[in-house]
Amino acid sequence: MSELTWKGRWNEIKGKVKQQYADLTDDDLLYAEGQEDELVGKLQKKTGKTADEVNSWLNDL
């Protein structure tokens with residue numbers, strides 16, 4: 001997902017992610033422009049998915 005797409009849709013995506021993984025906190029889902037890799041890493045740890053799986057999953061939301 002491109003940085004611009006993340007920025008524009010993050011609030012919508014974040015809500016869907018929280019529905020699927022209720023144990024994720026707002027801190028886990030904090031989007032900071034330019035730090036997408038860090039966010040993906042946090043989601044990897046919490047969900048047990050690979051980076052590619054996380055990216056694909058977010059793209060499909």
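What you see is a predicted model; the values in this text were computed from it and never measured.
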_Spacing of Leu29 atom CG and Asn11 atom CG [to the nearest 0.5 Å]_ = 11.0 Å
_Exercise: do Thr25 and Asp28 side chains pair donor with acceptor under 3.5 Å_ = yes
*When rounded to the nearest 0.5 angstrom, what is the spacing between OG1 in Thr47 and CD in Gln20?*
10.5 Å
_Let me confirm one number: the NZ-CG distance from Lys42 to Leu30, rounded to the nearest 0.5 Å._
6.0 Å
*Taking all atoms of both residues into account, what is the closest heavy-atom pair of Lys49 and Val54, and its distance?*
CB-CG2, 3.8 Å
*Please round to the nearest 0.5 Å and tell me the distance separating atom CD1 of Ile13 and atom CG of Leu39.*
9.5 Å
*Mind checking the NZ-CD spacing from Lys46 to Gln44? Nearest 0.5 Å is all I need.*
14.0 Å
*asked:* Show, in sequence, the C-alpha distance, side-chain angles and deciding distance for Tyr21 and Leu43, and conclude whether the side chain to side chain contact (heavy atoms under 4.5 Å, CB included) test is met.
replied: CA-CA 10 Å; Tyr21 289 91; Leu43 291 173; over 6 Å; no
*Counting only heavy atoms not in Asp37, do more than 12 fall under 6.0 Å of its CG?*
no
*Which heavy-atom pair separates Asp26 from Lys18 by the least distance, and what is that distance?*
OD1-NZ, 2.6 Å
